[in-house]
Q: 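Quick one: the structure is below, questions incoming.
We count residues from 1, following the sequence as given.
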Amino acid sequence: MNTLLLSFATSMTWLNVILLIAGVVIVLKGADWLTDGAVGIAEKMGIPQLVIGLTIVAMGTSMPELCVSLVSALKNTPDLAVGNVVGSNTFNTLLIVGCAAMVAPITVLHSTVKKDIPFTFIASMFLFIMCVDGKISRLDAAILLIFFILFMVLTLRTAKQTPSDVELSGKKPIATGKAILLLIIGMAGLVLGSNVFVDNASFVAAQLGVSDAIIGLTIVAGGTSMPELATSIVSARKGDSGIAIGNVLGSNVFNILMILGVTGVISPMTIQGITTLDLSMLIISMTMFWLFSFTKYRVERWEGLVLSLTYIGYLSYLIINL
């Protein structure tokens, strides 16, 4: 793994900013190609669409966070890795749900309020408790992975009780050769883009005099969460704003349990720059979302505005205290 960790930072700040943006684009496009290739191969193998949607596609949308966090940990910038996950989840819950609800009020299923949101809340609490001692050990990471496997088993079992085997998209099946090529190119893009992104994010942070944790909580988190934001807003505009809920909750669970689980098992992390406030915002955001969803099983426009303003206030605090 360490042989993949090349250095892509330069001595010119303006060029590093350009490379940082390029890294985000390469990571997102790589994840898209990887997912398309994996879905194509899975379809050829006769794997049900339901299983593909809940596993391959769901994991594909979390690949940018996974690769960036893993490369960050391996390059000895664990604050960037953990900040990416904490920041992404806070971004997802406050800004993505908030923006989607402002576009169109979100109806929340009873099962989501009683099962999915509590599970995501518990995962967030686990992360908070594990970070209290300032590190995520291999044992901590293994526990996260065990709960991730449990989550996937329960999700698949519950989904199978609802007979719906719809196509993931209207696209024609991808030829096997093309699917394999997309898989390889996508993985290469993720590795390359993650290296470029992490190197230049760390360099820009040093040049600006801010910590890796702040960069992870803001620029890295926002960059890797852009697919979820775009998907949720487009869904809301089409009148399918409920998709945003599953998108956010699934991403949050994957980020904590799978990404930090895999990253921590491979490279245990010592955390210094992630504060109690940052971790508390993770819990506060889920609590607000849960309360808004529980009242009328609906997130109204004004509640979406409150969520969005809360994120803007938190982001402003981070910027003011750089």
Q: Within a 6.0 Å radius of atom OH on Tyr297, are there more than 12 heavy atoms belonging to other residues, nucleotides or ligands?
A: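 Counting other residues, nucleotides and ligands, OH of Tyr297 exceeds 12 neighbours.
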Q: For atom CG of Asp133, is the number of surrounding heavy atoms from other residues, nucleotides or ligands below 6.0 Å larger than 12?
A: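 More than 12 heavy atoms, drawn from other residues, nucleotides or ligands, come within 6.0 Å of this atom.
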Q: Can you name the one residue among Ile259, Ile274, Thr90 that meets side chain to side chain contact (heavy atoms under 4.5 Å, CB included) with Val85?
A: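 For Val85, the side chain to side chain contact (heavy atoms under 4.5 Å, CB included) check succeeds only for Ile259.
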Q: Verify the ring-centre separation between Phe119 and Phe147: is it less than 6.0 angstrom?
A: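 Ring centroids of Phe147 and Phe119 are no less than 6.0 Å from each other.
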Q: I need the minimum non-hydrogen distance between Ile106 and Ala100, along with the two atoms involved.
A: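 Closest approach of Ile106 to Ala100: CD1-CB, 3.9 Å.
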Q: Are any side-chain N or O atoms of Asn252 and backbone N or O atoms of Thr120, one a donor and one an acceptor, separated by less than 3.5 Å?
A: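 Side chain of Asn252 to backbone of Thr120, a donor-acceptor pair under 3.5 Å: no, none is there.
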Q: Please name the pair of heavy atoms, one in Gly261 and one in Ala141, separated by the smallest distance, quoted to 0.1 Å.
A: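 Nearest heavy atoms, Gly261 then Ala141: O-CB, 3.3 Å.
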Q: How close do Ile271 and Cys131 get, counting heavy atoms only, and between which atoms?
A: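 Heavy atoms of Ile271 and Cys131 come nearest at CD1-SG, 3.6 Å.
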Q: Between Asn89 and Ser124, does any side-chain donor sit less than 3.5 Å from a side-chain acceptor?
A: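 Their side chains do not contain a donor-acceptor pair, so the 3.5 Å distance test is not met.
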Q: Would you check if Leu318 and Asp278 make a side-chain contact, meaning some heavy-atom pair closer than 4.5 Å?
A: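 The answer is yes, as the side chains (C-beta and beyond) meet within the 4.5 Å cut-off.
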Q: The test is ring-ring contact (aromatic ring centres under 6.0 Å, His included); show your working for Phe254 and Phe148 and say whether it passes.
A: CA-CA 7 Å; Phe254 270 68; Phe148 173 70; 5.1 Å; yes
Q: Is any side-chain heavy atom of Ser285 closer than 4.5 Å to a side-chain heavy atom of Tyr314?
A: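 Side-chain contact under 4.5 Å: no.
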Q: Any side-chain heavy-atom pair from Ile266 and Arg138 closer than 4.5 angstrom?
A: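 Side-chain contact under 4.5 Å: no.
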Q: Can you confirm whether Thr295 sits close enough to Glu300 that some side-chain heavy atom of one is under 4.5 Å from a side-chain heavy atom of the other?
A: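 Answer no - side chains too far apart.
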Q: Does a side-chain heavy-atom distance below 4.5 Å link Met281 with Ile284?
A: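 When only atoms from C-beta onward are counted, Ile284 and Met281 do touch, with a gap below 4.5 Å.
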Q: Without hydrogens or angle criteria, can the side chains of Ser69 and Asn84 be said to hold a donor-acceptor pair below 3.5 Å?
A: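 Side chains of Ser69 and Asn84: pair found under 3.5 Å.
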Q: Is any NZ, NE, NH1 or NH2 atom of the basic residue among Glu303 and Arg301 found under 4.0 Å from an Asp or Glu carboxylate oxygen of the other?
A: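 Result for this pair is no, no salt bridge flagged.
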Q: Measure across Gly186 and Trp33 and return the closest heavy-atom pair with its distance rounded to 0.1 Å.
A: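 Looking at all heavy atoms of both residues, the shortest contact is CA-CB, 4.0 Å.
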Q: Looking at side-chain heavy atoms only, is the closest gap between Val299 and Phe289 below 4.5 Å?
A: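 With C-beta onward as the side chain, the pair touches.
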Q: Keeping the roles fixed (side chain from Thr270, backbone from Lys135), state whether a donor-acceptor pair exists under 3.5 Å.
A: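 Answer holds: no.
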Q: Can you confirm whether Val253 sits close enough to Asp116 that some side-chain heavy atom of one is under 4.5 Å from a side-chain heavy atom of the other?
A: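 They are not in contact (no side-chain heavy atoms under 4.5 Å apart), so the answer is no.
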Q: Of all heavy-atom pairs between Ser137 and Pro268, which one has the smallest distance, and what is that distance?
A: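 In terms of heavy atoms, the two residues are closest at CA-CB, 4.4 Å.
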Q: Between Leu145 and Val262, is any pair of side-chain heavy atoms under 4.5 Å apart?
A: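 In short, these two side chains touch, coming nearer than 4.5 Å.
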Q: Under a 4.5 Å side-chain heavy-atom rule over Ile, Leu, Val, Met, Phe, Trp and Tyr, are Met288 and Tyr317 clustered together?
A: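 Yes, Met288 and Tyr317 fall within the same hydrophobic cluster.
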Q: For a quick test of reading the model, state the closest non-hydrogen atom pair linking Ser293 to Val108 and the distance between them.
A: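 Between these two residues, the closest heavy atoms are OG-CG2, 3.8 Å.
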